[in-house]
Amino acid sequence: QVQLVESGGGLVQPGGSLRLSCAASGSAFSINVMGWYRQAPGKQRELVATFTTGGRTNYADAVKGRFTISRDNAKNMMYLQMNSLKPEDTAVYYCNYRYYYSSGTLGGDYWGQGTQVTVSS
């Protein structure tokens, strides 16, 4: 089992910045991907960014150049630095942890409770 707790959300003006944090606890798996997803009202949950244990990152086109995902494996933490925020970034942001067996089969998929980010003047 893996437990995930997000923090750092809030209200920010357009053009502002926020840093989200995700604290992971519980079991650790050598092959895993951590990521941030978001869900705006009336919309489906969508990928924001992911970070593999191999150090590869992936970003949604909508956030490229503005958001930066990072991990501190020693502290079991993941972060999302969000700059140049826009009203359309308003959503609940979720932390996700997936681990895989050496065969490539998905072993588990865990979610945090989410943190609200509101971008408004």
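- Geometrically, Arg45 engages Tyr94 in a cation-pi contact defined by less than 6.0 Å to the ring centre and at most 45° from the axis.
- Within the model, atoms CD of Glu6 and CD of Gln116 stand 12.0 Å from one another, a figure rounded to the nearest 0.5 Å.
- Within the model, atoms OG1 of Thr50 and CH2 of Trp36 stand 13.0 Å from one another, a figure rounded to the nearest 0.5 Å.
- Here CZ of Arg38 is found 9.0 Å from OG1 of Thr90. Values are rounded to the nearest 0.5 Å.
- Judged by distance alone, the side chains of Thr118 and Ser120 never bring a donor and an acceptor atom under 3.5 Å apart.
- Of the charged side-chain nitrogens involved, at least one lies within less than 4.0 Å of a carboxylate oxygen, so that Asp61 and Lys64 count as a salt-bridged pair.
- Considering OG of Ser7 and CE of Met77, their distance stands at 6.0 Å, rounded to 0.5 Å.
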Give the intermediate values and the outcome of side-chain hydrogen bond (donor to acceptor under 3.5 Å, both in side chains) for residues Asn96 and Arg98. CA-CA 7 Å; Asn96 174 256; Arg98 292 174 183 161; 3.3 Å; yes
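- Ring geometry for Tyr99 against Tyr97 counts as tilted: the plane angle lies between 30° and 60°, on a 0 to 90° scale.
- Without hydrogens or angle criteria, Arg19 side chain to Gln81 main chain gives no donor-acceptor distance under 3.5 Å.
- Between Tyr37 and Trp111, the ring planes are perpendicular. Angles over 60° get that label, and only those under 30° would be called parallel.
- Shown here is Gln1, whose CD atom has no more than 12 heavy atoms of other residues, nucleotides or ligands within 6.0 Å.
- Here the CG-CD1 distance, from Leu80 to Ile69, works out to 6.5 Å after rounding to the nearest 0.5 Å.
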